[in-house]
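Below is one structure, written out as structure tokens; comments come after it.
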Amino acid sequence: LNALLKTIEEPPQDTVIVIITHNLKKLPKTIISRCMRLRFNDLNFNDFKKFCEENLNNLDEKKILELYKVSNGSPGLSKIINSEEGKLINEKTLKMLNQKSFNFDVFNPLYELVSKDYQKYIQIVINCLYKNLKEKFILNNKRERIKRYILIFFSNIEIITKGNINLDKKKELHYLFSQYFILELANE
């Protein structure tokens, strides 16, 4: 840490140091305070479509649109979702979300897949939850109770994903799905 701090404070001449993170809170404040923050936005649909055509194999426009919705236009996440394990996780997450209640027989195989690389694959689950809830929010525009439940769930997702709660990974994933079903969002 001290070496990185020293390098950032006094970089060699004509040097640019780029530190990329998906979670700024995991970097020490002493590092953050000495850096310029740049946010990389996700792609719009046309740029995303071009990316898919150049980098992902044999996707028709319908699959590209679905991938765009689940990945929120993120090229990195779209590659993960389009991988063999990513496709399975996406499929099992959607199967879980289509249940009437929490189902351990569906949850356990999903967790086994996600646990292979939790930090990488949890984003697929979260993005599926987000996409599902966003659609429910729009469809229930005039139903305040449902909209309130969805907003509560979004804040729960944010709390979980920030890493402020010390849960093991299985409990974390279980919590997300159990809250989804407890808030009666699955049946709306």
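Computation of the quantities below employed the complete heavy-atom set of this structure, encompassing side-chain atoms and omitting hydrogens, waters and symmetry-equivalent molecules.
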Nearest heavy-atom neighbours spanning F51 and P75: CZ-CB, 3.6 Å

S71 vs F48, side chain to side chain contact (heavy atoms under 4.5 Å, CB included): CA-CA, chis, key distance, verdict: CA-CA 10 Å; S71 71; F48 184 81; 3.6 Å; yes

Side-chain donor or acceptor of N127 paired with backbone N/O of V70 under 3.5 Å: yes

Flag, side chain of N44 to backbone of N46, donor-acceptor distance under 3.5 Å: yes

Reference residue C35; test side chain to side chain contact (heavy atoms under 4.5 Å, CB included); the match among I17, L27, I19: I19

Salt bridge K131-E66, side-chain N to carboxylate O under 4.0 Å: yes

Which atom of Q123 lies closest to which atom of Q119, heavy atoms considered: CG-O, 4.4 Å

Spatial distance of atom NZ (K49) from atom CG (L43) [nearest 0.5 Å]: 14.0 Å

Full working for ring pair (Phe, Tyr, Trp, His ring centres under 6.0 Å) between F154 and Y130: CA-CA 8 Å; F154 281 148; Y130 177 79; 5.3 Å; yes

From C52 atom SG to D47 atom CG, the distance as rounded to the nearest 0.5 Å: 11.0 Å

Greater than 12 external heavy atoms within 6.0 Å of K87's NZ: yes

Closest contact, heavy atoms only, L97 versus C128: CD1-O, 3.9 Å

Note, F45 side chain near I64 side chain (heavy atom, < 4.5 Å): yes

Over all atoms of both residues, closest heavy-atom pair of G86 and I124: CA-CD1, 3.7 Å

Side chain to side chain contact (heavy atoms under 4.5 Å, CB included) evaluation trace for L77 with N72: CA-CA 9 Å; L77 185 56; N72 290 325; over 6 Å; no

Backbone N/O of K95 and side chain of Q99: donor-acceptor pair under 3.5 Å: yes

Test item: F177 and V106 side chains (from C-beta on) under 4.5 Å apart, heavy atoms: no

Check: K29 and R34 side chains under 4.5 Å, non-hydrogen atoms: no

Distance (rounded to the nearest 0.5 Å) between F107 CZ and T93 OG1: 10.5 Å

Over 12 non-hydrogen atoms of neighbours within 6.0 angstrom of CD in E61: no

Worked verdict on N132 versus Y180 for side-chain hydrogen bond (donor to acceptor under 3.5 Å, both in side chains): CA-CA 11 Å; N132 181 284; Y180 176 83; 3.0 Å; yes

H174 ring center near Y111 ring center (under 6.0 Å): no

Backbone of P11 reached by a side-chain donor or acceptor of T15 within 3.5 Å: no

Derivation and outcome, side chain to side chain contact (heavy atoms under 4.5 Å, CB included), residues I122 and I126: CA-CA 6 Å; I122 189 63; I126 290 170; 3.8 Å; yes

Nearest non-hydrogen partners of Y118 and L173, listed with the distance: OH-N, 3.8 Å

Separation between CG of L139 and CD1 of I150, rounded to the nearest 0.5 Å: 9.0 Å

Pairwise side-chain contact, Q179 with I182, heavy-atom cut-off 4.5 Å (strictly under): yes

Verdict with reasoning, L59 to L56, per side chain to side chain contact (heavy atoms under 4.5 Å, CB included): CA-CA 7 Å; L59 295 177; L56 302 175; 3.8 Å; yes

N98 side chain to L94 backbone, donor-acceptor under 3.5 Å: yes

Between OG on residue S115 and NZ on residue K170, distance to nearest 0.5 Å: 8.5 Å

Side-chain cluster (under 4.5 Å, hydrophobic types only) that V18 belongs to, other residues: V16, I20

Under-4.0 Å salt bridge between E10 and K6: yes

Name of the residue among K92, K120, K116, K79 meeting salt bridge (Lys or Arg N to Asp or Glu O under 4.0 Å) with E85: K116

Flag side-chain contact, heavy atom, 4.5 Å: V125 against M96: no

